[in-house]
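In this text, all values refer to a predicted model and were calculated from it rather than measured experimentally. Lettering of chains follows the sequences in order, A, B, ..., and the numbering in each one begins at 1.
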There are 2 protein chains.
Amino acid sequence: MPRSSREKSVETRTQILDTAYRLFVERGYSATSMRDIGQQTGVTVGAIYNHFSTKEEIWKEVLLTKHPYHDIFPLLQSAEGETVAEVVRSAAQLLIRELHRRTDLFNLLFIEIVEFRAKHATDLFQAILPRLGELQSMFQGKRGRLRSIPAPILMRSFIGLFMSYYITGIFVKEIGVMSNDETSLNQFVDLYLYGILEEDGSLEGEQA
Amino acid sequence: MPRSSREKSVETRTQILDTAYRLFVERGYSATSMRDIGQQTGVTVGAIYNHFSTKEEIWKEVLLTKHPYHDIFPLLQSAEGETVAEVVRSAAQLLIRELHRRTDLFNLLFIEIVEFRAKHATDLFQAILPRLGELQSMFQGKRGRLRSIPAPILMRSFIGLFMSYYITGIFVKEIGVMSNDETSLNQFVDLYLYGILEEDGSLEGEQA
DNA sequence: CCTACCGATCGGTAGG
DNA sequence: CCTACCGATCGGTAGG
């Protein structure tokens, strides 16, 4: 329980950001009104302007503080395994589980691209950049040799693996003619593993 | 020049759809008003409702008629080469060139996911499905053996290749620390090729 | 295809 | 005099 008006203020601000995030990913930016944010937070519209000067300022703060990398980075770092292949499979499992829990994981990015023409992309990337280095240690001391692929390409293509699985999965869902189950995911991951690993037979052995 | 009021009506309808498409991908659905569409088409708001009963009906028609697969499918089919690797590289080149011409190529999909929670996904997929088969012939009679990967996975991961290159590229653009040039694309494509092809040394030979 | 409107709601701000 | 917030309302615009 807040003990001062100062603490109360910080709490209200946090609640506004939580509500705004939820509504933005549910409906998009323009379709979310300041009144919606206020009502669902339990404050008036005027009160919001005590914490943020414009609606876009709320967006900027939501984008930077609720961006998926906040959840994804720790998740990736918790991936375990003795070989590179095992680590990648473990990371893929964790990420897909998170995607099922939060099917709107990438919505902040899509909104930023469409409704803001990615104008805050530089700010966002500056925030992420320092933490990208942490990920490089994921494969340290693991068995299995990587092809000589630059780290940025490795990371971008790994993210892409999930984006494509997720986005194309939305459109084949409930169709039946295409499966979107765990088998599909494994096939995606295998394709990625064959793509990044030196050929030494370890993958085939593991599969058998 | 239209010779009858019937033809004039069809032309107006087409112009409305063209304008709506342009504004939707520029700003998103909610941020685009019926008045915007009317003004930029050169008709009043009331006139639009002569052709479409709701704003969402315009969206549905735009989504189905302007969807990127209309441009992408013919593009992929024009890819040439004597080996699977050459065809894939050719297709990748063509697709990236198209992406540079139309940087908003995927925006319709993003809007459908965020602002409509993908409610028209089934309609869209039904429209695309019959044409997916045409693509399967792309690799017919080409040298280079594919791993046993189901065709849907092949296609989904190929689309994913570009989505990840495109989306992550937006956020690393103009940063300098990460390159987003032709070299990056080739590295993405190589990763994909290693992922789908049986190992027979042909790729290394080609690279050398 | 237009002018002229409707009930409601938009982002943002007034004084207290 | 501060903060956090209120009820009411601003000029304009939303879909219809």
Side-chain angles (χ1 to χ4, degrees), chain A residues 1-24 26-63 111-112 114-117 119-120, chain B residues 1-24 26-63 111-112 114-117 119-120:
Chain A
M1 184 176 264
R3 290 160 303 183
S4 66
S5 74
R6 172 92 185 120
E7 285 180 24
K8 175 75 182 147
S9 171
V10 170
E11 190 186 287
T12 301
R13 184 189 161 91
T14 303
Q15 286 172 346
I16 291 169
L17 287 172
D18 288 345
T19 304
Y21 167 68
R22 185 170 49 78
L23 292 176
F24 286 155
E26 266 177 30
R27 318 174 177 179
Y29 175 80
S30 289
T32 300
S33 72
M34 293 295 277
R35 277 153 188 79
D36 292 333
I37 298 172
Q39 277 166 19
Q40 300 210 15
T41 308
V43 298
T44 61
V45 191
I48 299 178
Y49 284 95
N50 247 304
H51 301 273
F52 305 92
S53 59
T54 60
K55 190 185 174 189
E56 182 168 343
E57 205 171 280
I58 299 179
W59 170 257
K60 275 201 284 191
E61 186 129 349
V62 165
L63 180 66
I111 295 169
E112 170 67 13
V114 173
E115 301 199 57
F116 293 93
R117 314 190 77 154
K119 62 190 274 198
H120 311 105
Chain B
M1 183 175 269
R3 291 159 304 183
S4 67
S5 74
R6 172 93 183 119
E7 285 181 23
K8 174 75 182 148
S9 171
V10 170
E11 189 185 290
T12 300
R13 185 189 160 90
T14 303
Q15 287 171 345
I16 292 169
L17 287 172
D18 288 346
T19 305
Y21 167 69
R22 186 168 49 78
L23 292 175
F24 286 155
E26 267 177 30
R27 318 172 178 179
Y29 175 80
S30 290
T32 300
S33 73
M34 293 294 276
R35 276 155 186 80
D36 290 333
I37 298 172
Q39 278 167 17
Q40 299 211 16
T41 309
V43 298
T44 61
V45 190
I48 299 179
Y49 284 93
N50 244 308
H51 299 274
F52 306 92
S53 59
T54 59
K55 189 185 173 188
E56 181 167 345
E57 206 171 278
I58 300 181
W59 170 256
K60 275 201 285 193
E61 186 129 351
V62 166
L63 180 67
I111 296 169
E112 170 66 13
V114 173
E115 301 198 56
F116 293 94
R117 310 188 80 153
K119 65 190 273 198
H120 310 105

For this session: Hey, which sits more toward the 5' end of DNA chain C by its nearest nucleotide, A:Lys55 or B:Gly46?
Result: B:Gly46
For this session: Select base, sugar-phosphate, or nothing to describe what B:Ser53 touches, counting heavy atoms under 4.0 Å on all strands.
Result: nothing
Exercise. Any side-chain N or O of B:Thr44 under 4.0 Å from OP1/OP2 of C:dT3?
Worked result: no
For this session: Could you check whether B:Thr32 gets within reach of a base, just the sugar-phosphate, or nothing at all, counting any heavy atom under 4.0 Å?
Result: sugar-phosphate
Exercise. How close or far is atom P of D:dG15 from atom CD1 of B:Ile48, stated in whole angstroms?
Worked result: 10 Å
For this session: Run the numbers on B:His51 and B:Leu17 for side-chain contact (heavy atoms from CB on, under 4.5 Å), then give the verdict.
Result: CA-CA 10 Å; B:His51 299 274; B:Leu17 287 172; over 6 Å; no
Exercise. What is the distance from CD1 of A:Ile37 to P of C:dG11, rounded to the nearest Å?
Worked result: 8 Å
Exercise. When the C1' atoms of D:dA8 and C:dG12 are considered, how many whole Å apart are they?
Worked result: 13 Å
Exercise. Is any side-chain N or O of B:Arg35 under 3.5 Å from a base N or O of D:dG12, one able to act as donor and the other as acceptor?
Worked result: no
Problem set entry | Atom-to-atom span, CD1 of B:Ile16 to C1' of C:dC2 - whole angstrom | 14 Å
Exercise. Whole Å only: how far is the CZ atom of A:Phe52 from the C1' atom of C:dT13?
Worked result: 18 Å
Exercise. How close or far is atom C1' of D:dC5 from atom CD of A:Gln39, stated in whole angstroms?
Worked result: 16 Å
Exercise. Within the structure shown, what part of the strands sits under 4.0 Å from B:Thr41 by heavy-atom distance: base, sugar-phosphate, or nothing?
Worked result: nothing
For this session: Could you give the distance separating C:dA4 and D:dG16 at their P atoms, to the nearest angstrom?
Result: 22 Å
Problem set entry | Stepwise side-chain contact (heavy atoms from CB on, under 4.5 Å) test for B:Arg117 and A:Arg27 | CA-CA 8 Å; B:Arg117 310 188 80 153; A:Arg27 318 174 177 179; over 6 Å; no
Problem set entry | Backbone N/O of B:Thr44 and side chain of B:Gln39: donor-acceptor pair under 3.5 Å | no
For this session: Give the rounded distance in Å between these two atoms: CG of A:Leu23 and P of C:dG11.
Result: 12 Å
For this session: Give the rounded distance in Å between these two atoms: CE of A:Met34 and P of D:dT13.
Result: 19 Å
For this session: Would you mind telling me which residue lines up with the more 5' stretch of DNA chain D, A:Asn50 or A:Val45, judged by nearest nucleotide?
Result: A:Asn50
For this session: Using a cut-off of strictly less than 4.0 Å, decide whether A:His51 has a side-chain nitrogen or oxygen near OP1 or OP2 of D:dC5.
Result: yes
Exercise. For D:dG16, does either OP1 or OP2 sit under 4.0 Å from a side-chain N or O belonging to B:Tyr49?
Worked result: yes
For this session: Applying side-chain hydrogen bond (donor to acceptor under 3.5 Å, both in side chains) between A:Thr41 and each of A:Thr19, A:Asp18, A:Asp36, report the one that passes.
Result: A:Thr19
For this session: Under the side-chain contact (heavy atoms from CB on, under 4.5 Å) rule, what do B:Glu56 and B:Tyr29 come out as? Steps first, then yes or no, please.
Result: CA-CA 9 Å; B:Glu56 181 167 345; B:Tyr29 175 80; 3.7 Å; yes
